[in-house]
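Chain identifiers are assigned alphabetically (A, B, ...) following the order of the sequence lines, protein sequences preceding nucleic acid strands; residue numbering begins at 1 within each chain.
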Amino acid sequence: MTEARTNDKANGSYTTDEMMTVAASRELRDGSVCFVGIGLPSEAANLARATHAPGCFLVYESGTLGAKPDVLPLSIGDGVLAEHADSVVSVPEVFNYWLQAGRVDVGFLGAAQIDRFGNINTTVVGPYDSSKVRLPGAGGAPEIAASAREVVVILRQKPRAFVEKLSFVTSVGYGEGGDSRKELGYTGSGPTVIITDLGVLRPDLETKEFTLVALHPGATVEQAHEATGWELKVAENVTTTEPPTEKELEVLRDLKARTEAARK
Amino acid sequence: MTEARTNDKANGSYTTDEMMTVAASRELRDGSVCFVGIGLPSEAANLARATHAPGCFLVYESGTLGAKPDVLPLSIGDGVLAEHADSVVSVPEVFNYWLQAGRVDVGFLGAAQIDRFGNINTTVVGPYDSSKVRLPGAGGAPEIAASAREVVVILRQKPRAFVEKLSFVTSVGYGEGGDSRKELGYTGSGPTVIITDLGVLRPDLETKEFTLVALHPGATVEQAHEATGWELKVAENVTTTEPPTEKELEVLRDLKARTEAARK
Amino acid sequence: MNKITILREAVAELVHDGDSVALEGFTHLIPSVAAHEIIRQKRRDLTLIRMTPDLIYDQLIGMGCAKKLIFSWGGNPGVGSLNRFRDAVEHGWPEPLEIEEHSHAGMANRYVAGASNLPFAVLRGYVGTDLPKVTNTIAPITCPFTGERLMAVPALNPDVAIIHAQQADRRGNVAIWGITGIQKEAALSAKKVIVTVEEVVEEFEPRPFQIVLPSVAVDAISVEPGGAHPSYADGYYDRDNAFYSAWDPIGRDREKFRDWMERHVLGTEDFSAYMESIRKEEVVR
Amino acid sequence: MNKITILREAVAELVHDGDSVALEGFTHLIPSVAAHEIIRQKRRDLTLIRMTPDLIYDQLIGMGCAKKLIFSWGGNPGVGSLNRFRDAVEHGWPEPLEIEEHSHAGMANRYVAGASNLPFAVLRGYVGTDLPKVTNTIAPITCPFTGERLMAVPALNPDVAIIHAQQADRRGNVAIWGITGIQKEAALSAKKVIVTVEEVVEEFEPRPFQIVLPSVAVDAISVEPGGAHPSYADGYYDRDNAFYSAWDPIGRDREKFRDWMERHVLGTEDFSAYMESIRKEEVVR
C-alpha cells in the first residue's frame, strides 16, 4: 500500500515514509499503554516497542492486551497478536473495560481526511448520500479519539487529506477549536500531534489549531503549504526532525521485510 | 441444617423433608435449563438430575453453566460446581446473558417468608430499620423471580413462614394478585408451584392466590391450615402426592450422605 | 447429540429471505463456508449485520442477497476497499444497499444489550461526530444519578447468528480460543444460532483464552473443516493473506466477480469443492 | 517486576481509614489474608463492598473497621447467619453499621458500570420489590428507543479492590481459573488493586476457564500461599467446610469473638502464624 519509494522527497538514505514512521514511533513513551490501529500506526508502535519503548503495552481492538507481534499484523485480528499477548479479551471488554475506562495513554490513529482542528474523516468523500468515495467507516477510531488520554495521528500530508472542511466528521479532535472539545465532555485530551511525511504539527494551546512546528530533513515550509488544504499556520522557529538512526532504520526495514514475507 | 428427623410427620419409611424434596424434584422436566439456589432447591434439582431428568442443565449464580455436582454444594461457588460444568462464566454474564436473557426455564427458590401471592421475603423479619431478625438478603432471588420462565418455591410450611403480610418484599411473585405481576413488566411468568413438607400449592388462574391442591401422604388439610398464616384456600378435590419411590429415596439419601461426608 | 447437521440443511431451515443475519468473526474464524451456502441457496433481502464486513459480505452483497447492511468498518483488511460493497453504495449495483453505520464500540455494545435482553446500551461516544446525523439508532440519554449526558444505542437481536469455531464436543458444546472477538455476544443476542466447526472432539482440553458456548445456546452445528478460509483458525491453519490481495482485482470488476462467483461458489456443491476449484486457479497458495 | 511487595506494606500504603474497599471472591478465592492484615492495621470507617460478605466481613465488622456495608447477600454459606454482621445491624455493636443493599444482579452490574467508566448500569429488576424503598441507589430509567421502563443502578468505583488469585507471572500478570465470579470487574472498577497469590510462576499454562488480569491493571501483588482459607483455591487446596461450621459459635458470642480475634489475628504476625495458631486449637482439620 505505501508509496514510500515513489514519493521519496528525502535524502537518498531513507524515504519520507520511513522518516514519518520513525518520528511517530518516537512519540510513544516506554511503559505507556497504547491503543493501535492497523497500518502506519501499528508500524510506528511496533517500531517503538522494538527500539526505545520495549515496555510499552500494545492494545488492539480485537481484544489482544499486551500484544507483541514479531511481524506487522495485516489485519487487526491476526494470530500473531494473540500469540504473545498478556491477555486476550472480548471486543466489548477491550472497548468498555480498557478504552472507555481511561486505561489507554496513547491512541495511534491514521486518517483519510483531517482538518485544522484534528477532526478526522474515515467515512466518505463527498456527500454522504451520493458519496464519491465510500471509505471503510468508523471502526474503533471515534472512541479512541474520545477516550485515549492523548492521540497521535499519522498520515501523509496532501491537499486531499489535509482539507479545509471534512466531508464527514467520523472522529472528534478539537471540534470547532478552543474549548469546544471540552464541552463535548470527552475524558481524553484529544490529538496532541500529527506526524506527516513532511513534518510535525502540534495544536495551538489556545485555539487548538494545528501548527507546523517541525520539518523532516529535506522538507520545506513551501512543500507543507502546498500539501495543506487550509492556510497552514507555521511556528516562529520551526525545528528540524532528527533523522532516523541506523538502528531505527534497520529495525523498521527488518519488520517490514518480515511482514512482506508473511503476505506471500 | 434440615430438621428432617425431628419434624417427621410421615409414616416411618421416609421423612416429610424427603417427601418435600422428592416432590420438588419431580417439577423439573428433563432437558430444561434450571437456575438453582443453594440448600433445598439445589438438593431437589440434583435429585432430579440423578433420577428422571439426567439431561437438565443446572445454572448456579456463581457462573457455572451445566453444573454436574456429585455431592450437594454447600456454597454457591463450590469447586464441584465448576469441575464438570460445560462452561464457567463471570457473575455479570450469568445474570445478564443467561437469566435476564430469558434462557432459564425454571428457577428453584427457597424463602424465609412467603405470602398468598408467592411474594418472597429473604431480607428482614420485623421493621427494616429495627429488624427482629436480619436475614442474608436478596442474593440472586429477585432476578430469578423476575426472569425465569417459571419459578418453583420450596419451603417448610409453618405459620412464621406462610404469613399474611411479608415484613419485606425481596422477590416478586404475583404482587397484589390478579394481573399485577404483568403490569410490572417482568418477562418470567412467576411462581407456578410451592412445594412444602405438607403438600403442594398452585396459583388460582384468576386471582393468582396460592391454593392447596395436593397433600403428601399422611398430611391433613387441618395441618395445612394450622401451618398457614392466612386463610388458606383449598382445592375442591385435593389429590395425594405419590410417595417417594425406592429409587428416589435411595438416590437422595446417597446424595446427602456424600454431602455430609464432604462437610467433615 | 442431535444438533450436528449438514450445513445445507441448517441454512435451508434457519435462514429465510428477509431475515437479519449476523455472520460474525473478527478477522479470526470468519464463517465463509456458511456465507457461500447462503449465496448458493439464493437468499434475498437479508439485513446483514457485522462489525467488520469483509470478503464474504462483499460476495453476499455483490450476489444480491442483501437489502441492508448494519456495520462499523467495511474493508479488505490490509488490502483496501470492498469493491462490491462500494459499488452497491455508490451505484446501487446489483441493487441499492441501505446502510446503518456505527462505531465498533457502538456495535459491540448493541450486541451486549441484545445478549442481555435489554432494549439499549449506553456508551461514551458519537458526541460531536456526524454519525448521529446519518444513523438514527443513536440517541442521547441522561444518567439518573449524576445528570451526565451519554449516548444510547438499541440492542441488536439478529434472527440468525452464524459463527465458525474450532471445536464442538459430543454434547454439542462449542469451544473457541485465541481471538474470540464478538462471537459470544453475537450468538447469545440472536434468535437462532448456527455454528460451523473444524472438528468434533470427545472432550475439550484447556486452551489459551478459550471460551465455551454451551449446547443449549446453539441450534445447529456443522462440521466444515477449513470453513473459515481465507481467514484463519488458531490451532488449525493460518490466514491466507495472498487470497485477500487476490480478491481485490476480482472484486473490482462486475463481470469478473460474477464469473468468479458462478464458477467457484454457485458452480460447486460445498466448501471442499470450492477450495478445490479455486486451488486449480492458484488463487490460493 | 516491582509490583511484588509485602502485603503489610501494600495494605499500609493503599488502604486508608475511610476508604471504600471491595474484598471480592465468590466463595472461591476469598482474600482472607488481606482482610486480616486490614484488621491488624486497625483501619477504621471503611465502606466495605462485597456481593457476598462472609466470614472475613463478619470479622472486619466485629472488629469495628467498617462504618458502612454495600452488599447483596450476607451469610455463612451452608451454615447460617453472620452473627457479627447481625449484631451490628440489630444492636449497633461494636458500632452502628449503615447498610446499602442490592440484588446480586444489581451489584454485578454496578461493578460492570464502574469497570466501564460509565456512571450507571441498566437491568430488569427491583420493580415491585421493597428494595427501592430502603436503597436510594436504584432509579427508574426509560429506553430512548422503545419507551420501555427499566431500573438503573450507579457505578461502583471502590478506592481499593483486593482479590486472591492462584498465580502471578514474572511480568506481574495475574491468572485466575475455575469460578472467577466478579473479581475481574471488581478489580477493573477500583482506583487501586491489591492481589494476593498462591505463587509466582515463570509462565502461565492454559487452565479451564482461566482469565488473565494484565499487570498494568494491578498495583500490588503479594505472595500469600493459603491466603484464601477457609475458602478454596482451585488447583491448590479445598474448601475448609469444617471451619465455616466452627465459626458459627465463635461469631455468636461477642466475648468469644473478640478473644478469638485477639488470640489468632491480632496476636499473630502474618497468615502462616495465624494458620499455625488456629490449627493448635484444632479449629482446622
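The shortest distance between side-chain heavy atoms of B:Leu74 and D:Tyr244 does not fall below 4.5 Å.
Taking all atoms of both residues into account, the shortest heavy-atom contact from B:Val88 to D:Gly178 is CG1-O, 3.6 Å. Shown here for B:Val169 and D:Gly128, the closest heavy-atom pair between the two residues is CG1-O, 3.7 Å. When all heavy atoms are compared, the tightest approach of B:Pro136 to D:Trp73 is CB-NE1, 3.3 Å. Taking each heavy atom of D:Val89 and B:Ser131 in turn, the nearest pair found is CG1-OG, 4.5 Å. Closest approach of B:Glu143 to D:Gly125, counting heavy atoms only: OE2-CA, 4.0 Å. Between B:Ser62 and D:Ile179, the closest heavy-atom pair is O-CG2, 3.6 Å.
Contact residues of residues 114-128 of chain B toward chain D are B:Thr123, B:Tyr128 (heavy-atom distance under 4.5 Å).
Heavy atoms of B:Thr64 lying under 4.5 Å from chain D belong exclusively to its side chain. In this structure, no portion of D:His91 lies under 4.5 Å from any heavy atom of chain B. Contacts between D:Tyr111 and chain B at a heavy-atom distance below 4.5 Å are absent for every atom of the residue. Only the side chain of D:Tyr232 has a heavy atom closer than 4.5 Å to any heavy atom of chain B. Using a 4.5 Å cut-off between heavy atoms, D:Leu123 touches chain B through backbone and side chain atoms alike. For chain D, the nearby parts of B:Leu184 are the backbone and the side chain; heavy atoms of each come within less than 4.5 Å. For B:Glu61, the parts sitting under 4.5 Å from any heavy atom of chain D are the backbone and the side chain alike. For D:Met107, no part lies near chain B; criterion is any non-hydrogen pair under 4.5 Å. Proximity to chain D is limited to the side chain of B:Pro142, based on heavy atoms less than 4.5 angstrom apart. At a 4.5 Å heavy-atom cutoff, B:Val94 makes no contact with chain D through either its backbone or its side chain.
By number of non-hydrogen pairs under 4.5 angstrom with chain B, the leading residue of D:Asp54, D:Thr52, D:Ile211, D:Leu131 is D:Leu131. Looking only at heavy-atom pairs under 4.5 Å with chain D, the residue among B:Ser180, B:Gly140, B:Ala85, B:Pro73 that has the most is B:Gly140. In terms of non-hydrogen atom pairs under 4.5 Å with chain B, the most contact-rich of D:Asn76, D:Asn109, D:Leu82 is D:Asn109. Between chain B and the options D:Thr129, D:Thr180, D:Leu150, the largest number of non-hydrogen pairs under 4.5 Å is found for D:Thr129. Of all the listed residues (D:Pro77, D:Ser231, D:Ser72), the one sharing the greatest number of non-hydrogen pairs under 4.5 Å with chain B is D:Ser72.
Taking OG of B:Ser90 as the start and CD of D:Glu185 as the end, the distance is 5.0 Å to the nearest 0.5 Å. To the nearest 0.5 angstrom, B:Ser167 atom OG is 10.0 Å from D:Asp130 atom CG. Here CZ of D:Arg124 is found 10.5 Å from OH of B:Tyr186. Values are rounded to the nearest 0.5 Å. Of the inter-residue distances, the one linking B:Asp78 atom CG with D:Asp238 atom CG reads 10.0 Å to the nearest 0.5 angstrom.
No more than 12 heavy atoms of other residues, nucleotides or ligands sit less than 6.0 Å from atom CD of B:Glu176.
Taking the charged nitrogens against the carboxylate oxygens, D:Glu101 and B:Arg134 do have a contact shorter than 4.0 Å, which makes a salt bridge.
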One pair to check against side chain to side chain contact (heavy atoms under 4.5 Å, CB included): B:Val133 and D:Arg86. What are the steps and the verdict?
CA-CA 8 Å; B:Val133 182; D:Arg86 283 186 56 175; 3.5 Å; yes
